[in-house]
Amino acid sequence: MPIGLDEIKSRLRKFATVEAAGVSPLYEHLASKSAEDDDVAGLLTGARGGEARGPLLMATAHRLIQADPIHPLSRYYPSVGGFDGVDSETWPLFRSFLLERADRAMAIISSRYTQTNEVRRAALLYPAVTAAAKEAGGKISLLEVGCSAGLLLGLDKFAYRYQCDGGEQLTAGPAKAAVGLHCALDLAPGAVTPKVPKKLTVTARAGLDRAPVDLGDEDELAWLEACVWADQPDRIRLLRTAAAAQGKQRPELITGDAVDDLASAAATLPAAVPLVVLTSHVLAYLGDRRADFLDELRKLAGERPLWWVSEEFYGAALEPLLPGRAELADTNGGTAVLGLVRWEGGAPDVRALARTAPHGQRMTWLPV
């Protein structure tokens, strides 16, 4: 069913005030203005399913400015060399730029999914994945659902530095890794500093996505970069580094549905090796099929040792399995939850490990 204009404008408003506020001045400004403009917001009416959201509109504009980097709007886009902050000309230029290219914009919107491969989220996932590996006895296989280009599947090859309150640092990963990630780590009351193993052994890995990104295709890589927020060029540089590193040994990426094809994707990985399923900001796009996804995980866990590591909003992922934890709900601007779930005899053992910033820059470890 097509999404109505009022709902689209509400989603744009929420994106501006919750996700972009305090993180991206450019996207906060553009999304809030788009939410009040029927013509610009209306470009999203052709989006597929749950994709009619702020990130897709911003990525579409970003892709178009990549292709026309001398347009005056580019001076607000650091990703293409701009250095001006938001001013009174930003919105008029953005609006005219998009509407003059409305046909191209709608073609992108109707054919693309938001493909955010936020490499820094690996720093959030790593402590949970290593905890699962320890419980599993060491070696694991990885299956990332909603993998995009599958860059997070290389998390065992990244180097990590966690800056703790009080000056302590935790380090993990190969010393000479091409990709180095930094994450601030603080403790909630009653929590203790987590133990982060230096090494993680992944024997097999695969990704499942409705439209996997082929990093060997320049147009696909450009779209992946366009999905990174334009006023955060460091994230784009990190993505390029991770993409280059993965090019030496690419994991298998499977085209399929997160619910219908989960079991068959898992079957491509050795049944004798404990399986860790990863999701990162994916379940919000499943809508009313989230319960089906959880049921598929439960059934799969009845067939083989399985852990689910999630970095998702509480309401989208853990709440059905861990109800009544109002303190985990997102109330202050995009904070998600790092979760670790294992099923024993069909019953879930659910742990909320940390509250996480959306792009991997910080997490707050919780008491267990």
Cationic N near anionic O, under 4.0 Å, [X] to [Y]:
{"X": "Glu225", "Y": "Arg240", "answer": "yes"}
{"X": "Glu7", "Y": "Lys9", "answer": "no"}
{"X": "Arg13", "Y": "Glu36", "answer": "yes"}
{"X": "Arg342", "Y": "Glu344", "answer": "yes"}
{"X": "Glu51", "Y": "Arg48", "answer": "no"}
{"X": "Arg95", "Y": "Asp37", "answer": "yes"}
{"X": "Asp219", "Y": "Arg63", "answer": "yes"}

Does any donor atom in the side chain of [X] or [Y] lie under 3.5 Å from an acceptor atom in the other side chain?
{"X": "Thr90", "Y": "His29", "result": "no"}
{"X": "Gln163", "Y": "His182", "result": "no"}
{"X": "Thr279", "Y": "Glu312", "result": "yes"}
{"X": "Gln169", "Y": "Arg161", "result": "yes"}

Please confirm whether the backbone N or O of [Y] pairs with a side-chain atom of [X], one donor and one acceptor, at under 3.5 Å?
{"X": "Ser110", "Y": "Met106", "result": "yes"}
{"X": "Arg355", "Y": "Glu327", "result": "yes"}
{"X": "Ser24", "Y": "Ala20", "result": "no"}
{"X": "Glu19", "Y": "Pro358", "result": "no"}
{"X": "Ser141", "Y": "Ala204", "result": "no"}

[Y] reachable from [X] in the ILVMFWY side-chain graph, under 4.5 Å edges:
{"X": "Leu124", "Y": "Val368", "value": "yes"}
{"X": "Leu56", "Y": "Val282", "value": "no"}
{"X": "Leu221", "Y": "Val80", "value": "no"}
{"X": "Val40", "Y": "Tyr76", "value": "yes"}
{"X": "Leu306", "Y": "Leu125", "value": "no"}

Seminar exercise, completed: Residues pairing under salt bridge (Lys or Arg N to Asp or Glu O under 4.0 Å) where one sits in residues 175-199, two or more places apart or in two chains, turn out to be Asp186-Arg362

For this session: Kindly state each residue pair satisfying salt bridge (Lys or Arg N to Asp or Glu O under 4.0 Å) with at least one member in residues 134-153, sequence neighbours excluded.
Result: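 Those involving residues 134-153 are Glu135-Arg351.
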
Validation row: [X], [Y] side chains within 4.5 angstrom (heavy atoms):
{"X": "Thr356", "Y": "Val337", "result": "no"}
{"X": "Ser310", "Y": "Leu283", "result": "no"}
{"X": "Leu181", "Y": "Val119", "result": "yes"}
{"X": "Ser280", "Y": "Leu152", "result": "yes"}
{"X": "Ile254", "Y": "Pro212", "result": "no"}
{"X": "Val129", "Y": "Ile140", "result": "yes"}
{"X": "Leu200", "Y": "Leu155", "result": "yes"}
{"X": "Ser34", "Y": "Leu57", "result": "yes"}

Please find the pair of heavy atoms, one from [X] and one from [Y], that lie closest to each other, and give the distance.
{"X": "Leu253", "Y": "Gly150", "value": "CD2-CA, 4.1 Å"}
{"X": "Ala245", "Y": "Ala178", "value": "CB-CB, 4.3 Å"}
{"X": "Ala316", "Y": "Ala284", "value": "CB-N, 4.2 Å"}
{"X": "Leu275", "Y": "Ala266", "value": "CD2-CB, 3.9 Å"}
{"X": "Pro367", "Y": "Ala188", "value": "CD-CB, 4.1 Å"}
{"X": "Trp365", "Y": "Ala191", "value": "O-CB, 3.3 Å"}

Should the ring pair [X] and [Y] be called parallel, tilted or perpendicular, given that the plane angle runs from 0 to 90° and is split at 30 and 60?
{"X": "His62", "Y": "Tyr77", "answer": "tilted"}
{"X": "Tyr162", "Y": "Tyr160", "answer": "parallel"}
{"X": "Tyr27", "Y": "Trp229", "answer": "tilted"}

Exercise. Taking it one step at a time, do Thr201 and Asp156 satisfy side chain to side chain contact (heavy atoms under 4.5 Å, CB included)?
Worked result: CA-CA 7 Å; Thr201 302; Asp156 57 316; over 6 Å; no

For [X], which residues count as a salt bridge (Lys or Arg N to Asp or Glu O under 4.0 Å) partner, sequence neighbours excluded?
{"X": "Asp261", "answer": "none"}
{"X": "Asp260", "answer": "Arg289"}
{"X": "Asp231", "answer": "none"}
{"X": "Arg304", "answer": "none"}

For this session: For side chain to side chain contact (heavy atoms under 4.5 Å, CB included), just list the numbers for Val341 and Trp307, CA-CA rounded to whole Å, side-chain angles, deciding distance to a tenth of an Å, and then say yes or no.
Result: CA-CA 6 Å; Val341 182; Trp307 284 255; over 6 Å; no

For this session: Decide yes or no on side chain to side chain contact (heavy atoms under 4.5 Å, CB included) for Thr335 and Phe313, but give the supporting numbers first.
Result: CA-CA 7 Å; Thr335 303; Phe313 293 120; 6.0 Å; no

Problem set entry | Step-by-step salt bridge (charged side-chain N to carboxylate O under 4.0 Å, His left out) determination, Glu319 to Arg290 | CA-CA 11 Å; Glu319 186 173 21; Arg290 295 171 196 159; over 6 Å; no

Is the terminal nitrogen or CZ of [X] (NZ for Lys, CZ for Arg) located under 6.0 angstrom from the six-membered ring centre of [Y] and within 45° of that ring's axis?
{"X": "Arg75", "Y": "Phe83", "answer": "no"}
{"X": "Arg325", "Y": "Tyr314", "answer": "no"}
{"X": "Arg53", "Y": "Tyr285", "answer": "yes"}

For this session: Please step through side chain to side chain contact (heavy atoms under 4.5 Å, CB included) for the pair Leu187 and Asp165, ending with a clear verdict.
Result: CA-CA 8 Å; Leu187 304 178; Asp165 286 348; 5.9 Å; no

Problem set entry | The single option from Val350, Leu294, Leu340, Leu143 passing side-chain contact (heavy atoms from CB on, under 4.5 Å) against Trp308 |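 Single side-chain contact (heavy atoms from CB on, under 4.5 Å) partner of Trp308 among Val350, Leu294, Leu340, Leu143: Leu294.
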
Problem set entry | Arg235, His281, His359 screened by side chain to side chain donor-acceptor pair (under 3.5 Å) with Glu118, the one that passes | Arg235

For this session: Evaluate the criterion side-chain hydrogen bond (donor to acceptor under 3.5 Å, both in side chains) for residue pair Asp209 and Tyr113; output intermediate values, then yes/no.
Result: CA-CA 11 Å; Asp209 198 284; Tyr113 294 106; over 6 Å; no

